[in-house]
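Proteins get letters first, then strands, A, B, ... in listed order; numbering begins at 1 in each. Not measured: the values here are computed from a predicted model.
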Amino acid sequence: MQLSEQENIRRESLKKLKAYGIEPFPQHLYPVEDYAKNLIENFSEDKTVCIAGRLMRRKIQGKASFGTIQDSSGKIQVYFNRDEICNGEDKSLYNDVFKKWLDLGDIIGIRGSLFKTRVGEISILVKEFTLLSKSLKPLPLPKTDKEGNTYDAFTDPELRYRQRYVDLIVNSHVKETFIKRTQIINSMRDFFNSKGYHEVETPILQPIPGGAAARPFITHHNALDTPLYLRIANELYLKRLIVGGFDGVYEFAKDFRNEGMDRTHNPEFTVLEIYVAYKDYNWMMDFTESMIENTALKVFGTTEFTVGENTISFKTPFKRQSMRDAILEHTQLDIDGKSEQELRNWCLDNNIEVDKTMGKGKLIDEIFGEKCEGNYIQPTFIKDYPIEMSPLCKKHRENPELTERFELMVNGKELANAYTELNDPIDQRERFQEQLKLSEKGDDEAMFIDQDFLRSLEYGMPPTSGMGIGIDRLVMLLTNQSSIQEVLLFPQMKPEKWDSGPDLEAFKNCGIPEEWLEHVYNAGFNSVEDLKEAKKTAIHQKLNGFRKKNKLDIPALQLEDIENWSV
RNA sequence: GAUUCGUUAGCUCAGCUGGUAGAGCACAUCCCUUUUAAGGAUGGGGUCCUGGGUUCGAACCCCAGACGAAUCACCA
């Protein structure tokens, strides 16, 4: 790996610091007492402070310098004065250590006192500074002017996601989003706990990937010599716990689905699922809307959110509409009593793609997805889904073709999904068998039969309502982010390709002299194969050209030298 | 998977009709004792994504590929 000029300069500074007697990566703790944000908010003249953070700006003006220290709470200006730092005749601590060998990005500790500059900016007069960690790579440092315009912003999404640590250092709003994310989850957790519901952990490695229709990741357990799947949902485990006697259980779960990736899909994502005994889906609608409203108010102090071009209100109550009415409203089609063939014909007439594997439920789902879903900007519960597409949901109390299921639509997308849970084990077994038929018909999302889950239902599960909500998408809505990658600290990316560096040993084995090994690589020959492919004369010219350009203090190569190499 | 766009200095980006690779910041050296996006001066820094082709000459045109982004498709 070739270092840039700036990286070399920093490595030189590192050597000089060591030679001077300063350990650039010391072991000792640093007794931090203060934080930038707090010092600025509670300014008190001449207060003695001790702070640590990253040096983000440095402006040297002779015997005085200004800088900015960024810690976990924010930024504060620091003022270095030569004679404050160096009491005696020896001014090297300022002239050399601070001015020459410290770099932007270094982590330092500072003791000093608070004051305001002539311009009125709260600053720390540095009395003593300690290098706590040297930074060997230059940071991309954006600048912001008085009007708030940012220059040289570090915006390339690929670099930002791959090097989130850099993104977090230089783009303060990014950190803000992730702080909000944690607060949202905490507030939901508090809400559930205040109702007495129990947070649990269920298996991520599952022998049967159940509870949803999705393509799973598959792995293998060596000792058991059996396949295991990364969970696509935790529903069936949580319901087993309701059978076991918990009244309310919930889990913030990472689920994994082996499907496409785009700005709303990441292979692993976070879902909250909650199951409450003795409740139904009507109760769950009340519960869900009040949970969301509560989170909005606790974390953001408002129920009104700007999402892209829309303003969305999470003020309760949310609108409720049946699937039949939704489709009727947006297409004038009444799905009630229609046969599979009638629905399929309607789809064909209305440019909705269908195929043979689609049953009645799937067709209705397609119609809703194509013609209705996008219209629901304000939070709306769409309820009473066709039975075929809800194999874990109890039949509707008034219409056996439907189930007691709702989805919460916000900003034209599904946010949450909930049922009055199916607890009749005989019905459940039949529904699984229906799924099996669908799967034989070619639906690769149809579910497996989980025998143990059926056994648990046979012992009796109280009437229960369950709800799942996509945490990543909820955070996107509440923080006005348009891609899931912006709310995941480390979104999945294609593996990065790394230059493994020169195989100098291989060069050496070809008879290339010691003093040339590194230069052969730096001149552009990455491997012995490269040398073999090139003409001897070309190698000769290229290497001597490299020698001349870099003013290398080694003898020029003769063509015979290269002919003697075994390349 | 399809389409479109992109890849030039550490960062953000210019680069005309094909004719000597540029700017700002960052970096280095020097000057400056309270600055405010960058005080002043000077300087170093490039595999123009890769490989072919066209051409007297390619960052630029053509072909192939790599990587990325956006849109679409897929996606309970």
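- Within 4.0 Å (heavy atoms only), A:Arg57 reaches at least one base atom of the nucleic acid.
- Under the salt bridge (charged side-chain N to carboxylate O under 4.0 Å, His left out) criterion, A:Lys63 pairs with no residue, sequence neighbours left out.
- Nucleic acid contact class of A:Asp365 (heavy atoms, under 4.0 Å, all strands): none.
- Note on A:Leu139: nothing from the nucleic acid sits closer than 4.0 angstrom, heavy atoms only.
- Note on A:Tyr94: nothing from the nucleic acid sits closer than 4.0 angstrom, heavy atoms only.
- Residue pairs satisfying the salt bridge (charged side-chain N to carboxylate O under 4.0 Å, His left out) criterion with at least one member in residues 385-396 of chain A, sequence neighbours excluded, are listed as follows: A:Lys395-A:Asp427.
- Rounded to whole Å, the separation between the C1' atoms of B:rU34 and B:rU29 comes to 25 Å.
- Residue-level contact check: A:Leu141 touches neither bases nor backbone, having no heavy atom under 4.0 Å from any strand.
- With sequence neighbours left out, A:Glu407 forms a salt bridge (charged side-chain N to carboxylate O under 4.0 Å, His left out) with A:Arg405.
- Taking atom P on both nucleotides, B:rA58 is separated from B:rU50 by 15 Å, rounded to a whole Å.
- Under the rule for a salt bridge (charged side-chain N to carboxylate O under 4.0 Å, His left out), the partners of A:Glu434 that lie at least two apart in sequence or sit in another chain are A:Lys437.
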Is there any protein nitrogen or oxygen under 3.5 Å from a nitrogen or oxygen in nucleotides 69-71 of chain B, and what are the pairs?
unit_1	atom_1	unit_2	atom_2	d
B:rU71	OP2	A:Arg263	NH1	3.4

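- A donor-acceptor contact shorter than 3.5 Å links the side chain of A:Lys91 to the backbone of A:Gly88.
- At B:rG68, one or more side-chain N or O atoms of A:Arg162 fall inside 4.0 Å of OP1 or OP2 (strictly under the cut-off).
- On the P atoms, B:rG15 is 15 Å away from B:rG22, given to the nearest whole Å.
- Among the heavy atoms of the strands lying under 4.0 Å from A:Glu414 are primed sugar atoms or P, OP1, OP2 only; no base atom is included.
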Test ring pair (Phe, Tyr, Trp, His ring centres under 6.0 Å) on A:Tyr385 and A:His396; report intermediate values, then the result.
CA-CA 9 Å; A:Tyr385 280 61; A:His396 197 278; over 10 Å; no
All N/O contacts under 3.5 Å from nucleotides 4-7 of chain B to the protein, with atom names and distances to one decimal?
none

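- Nucleotides B:rG46 and B:rC11, compared at atom P, are 14 Å apart to the nearest Å.
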